[in-house]
Number of protein chains: 2
Amino acid sequence: MNQAIRANNRNDVLLDSAAELFSARGYQASTMRDIARKCGMLPGSIYYHYANKDALLVAVYAEGVRRLTERVEEAVAAHSDPWERLERMLATHIEMIIEPTAYASVIIRILPDAAPAVARELTDLRNRYELILRNLLTALPLADDVDRKLLRLLLIGAANHVQVWHRPGGESPETIAGELLRMVGHRAAAPQDGDQP
Amino acid sequence: MNQAIRANNRNDVLLDSAAELFSARGYQASTMRDIARKCGMLPGSIYYHYANKDALLVAVYAEGVRRLTERVEEAVAAHSDPWERLERMLATHIEMIIEPTAYASVIIRILPDAAPAVARELTDLRNRYELILRNLLTALPLADDVDRKLLRLLLIGAANHVQVWHRPGGESPETIAGELLRMVGHRAAAPQDGDQP
DNA sequence: TCCCTAACCAAACAATCGTTTGTTTAACGT
DNA sequence: ACGTTAAACAAACGATTGTTTGGTTAGGGA
């Protein structure tokens, strides 16, 4: 009754190709012909899987959020200390947006207004992921005068910008995340017992 | 002998229009027809002033760097304290990348690889401006174990990201720059006399 | 006043874009 | 073994893209 998905379905290859091109060249610069060529299809064949180019971008976005969320929550779950959890989140996040398998990278590089017709969907997907960071920050013991919203935006901006300047063989995501929190974190930390256990 | 520039030359209006569209919609999404319509020209007329679309982007970039450099150095010159100078630089930078008169905004939003043929020129222009921040950081008294390069990239990322999330009527650039350095700066500061004058 | 040319207009160009249409192939349930 | 249909191919569509070409207008030095 409901349509079966055949074994030789190349939807995932298609999605991979789109993600890589969107990530490397941007949305508008990646043509349907480029994507088709990359995954060994013809341009028209893409439209069997997705209604249009915008829908393809939404699919890549959704898969990116899914993978990011999965990996981040997995990395965070292993720790209980709020600062440690935040550091693991940032390290994993940075790791994923600089690797060539580029689903996560698309979410950072392609702004929602690149596809106005589906901008709202893209923003919602972004927000769903950012909620993780928001919750991690809420759990963080901070001095009263620290603007949590501003701190969050600062961290997002600094972390996402790594995608622009990082080169293969450079600092590891762990190092970057560590330095990031070493600069920001301790200063903002509320006075607590057992600071150096 | 040398060609005179007439009074009714609308090159500046053309450049303004291009800057606004590039800033608002991105490079590829802004067509020559859009730009022409915005400044009351016909599409072909643009080619009297610039050889092609890429050259137009380079011109906008150059003017953006010129304005940024001018305003920032002017704001910084009024102070002598390294931290104060850095804060003034960041505040001015943020102020210019969120205002609608969008030359500075283009430099942040449009990455050099949006126009591969002139990517090198665009990168050079960016670097020339970033040199200011680099020099301000060099003059900063910091603890020995602070990674100046990473600090610079963190600041750039956080500052530029303001363009994405800031809405009219939100926090002032001064406030944002202040909070930014309050989080980052003091922690990284080397022990110095007269910490609270 | 005259004339040169800076500064534009008007209209098309070839190329490329996202997309549609009709047809073909081959994997799967029965 | 057969018939259905998922999944693709082959080829074009109209629209839009950056750009070119030849003609027009008006500002300013002589």
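Every chain is numbered from 1 and lettered A, B, ... according to where its sequence line falls, protein lines coming before strand lines.
A side-chain contact (heavy atoms from CB on, under 4.5 Å) with A:H93 is found for one member of A:I132, A:N160, A:L133, A:I156 and no other, namely A:N160.
You'll find that the side chain of B:M32 is closest to D:dG18, out of C:dC17, C:dT19, D:dG18. The side chain of A:M41 approaches D:dA8 more closely than any other nucleotide in the set D:dA8, D:dT19, C:dG18. Considering only side-chain atoms of A:Y48, the nucleotide from D:dA10, D:dT17, D:dA7 that sits closest is D:dA7. Distances from the side chain of A:Y47 to the nucleotides C:dC8, C:dG18, D:dT19 place C:dG18 closest.
Side-chain contact, A:Y27 with A:R109: no donor N or O sits under 3.5 Å from an acceptor N or O.
Using a cut-off of 4.0 Å between Lys/Arg side-chain N and Asp/Glu carboxylate O, B:R120 and B:D124 are scored as salt-bridged.
Put simply, CG on B:N52 is 17 Å from C1' on C:dC13, counting in whole angstrom units. Between B:L57 atom CG and D:dG18 atom P the separation is 13 Å, expressed in whole Å. Here C:dT21 presents its P atom at 18 Å from CG of A:L42, a figure rounded to the nearest Å. Put simply, NZ on B:K53 is 16 Å from P on C:dT16, counting in whole angstrom units. The OH atom of A:Y50 sits 17 Å away from the P atom of C:dT20 (whole-angstrom rounding). Atom CG in A:D54 sits about 16 Å away from atom P in C:dC17, given to the nearest Å. One atom, CD1 of A:I46, and another, P of C:dT19, lie 10 Å apart when rounded to the nearest Å. Nucleotide D:dA6 holds its C1' atom 15 Å from the CG atom of A:D12, rounded to whole Å.
Comparing A:T31 and A:A51, the nucleotide of DNA chain C nearest to each residue sits closer to the 5' end for A:T31. If B:A29 and A:R10 are placed on DNA chain D by their nearest nucleotide, the residue sitting closer to the 5' end is A:R10.
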Check your understanding: Run the side-chain hydrogen bond (donor to acceptor under 3.5 Å, both in side chains) check on A:Y48 and A:N11 step by step: do they pass?
Key -> CA-CA 10 Å; A:Y48 174 78; A:N11 188 15; over 6 Å; no
Note to self: Under the criterion salt bridge (charged side-chain N to carboxylate O under 4.0 Å, His left out), I'd like the reasoning laid out for B:E179 against B:R182: C-alpha separation, chi angles, the key distance, then a yes or no.
What the structure shows: CA-CA 5 Å; B:E179 287 283 323; B:R182 203 170 65 92; 3.5 Å; yes
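Contact between the side-chain N/O atoms of A:N9 and the OP1/OP2 oxygens of D:dA7 is found at a separation under 4.0 Å. OP1 or OP2 of D:dA8 sits under 4.0 Å from a side-chain N or O of A:H49.
Counting heavy atoms of neighbouring residues, nucleotides and ligands inside a 6.0 Å radius, atom CZ of A:R128 does not exceed 12 of them.
A single hydrophobic cluster is seen to contain both A:W165 and A:I97, as judged by linkage of ILVMFWY side chains at heavy-atom distances under 4.5 Å, directly or through other members.
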Dump every N/O contact between nucleotides 27-30 of chain C and the protein below 3.5 Å, one line per pair.
residue, atom, partner, partner atom, Å
C:dA27, N3, A:R6, NH2, 2.9
C:dC28, OP1, A:A7, N, 3.0

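A:I46 CD1 to A:R33 CZ: the interatomic distance, rounded to the nearest 0.5 Å, is 10.0 Å.
Within the 4.0 angstrom heavy-atom criterion, base atoms lie near B:S45. Within 4.0 Å (heavy atoms only), B:N11 reaches no atom of the nucleic acid at all.
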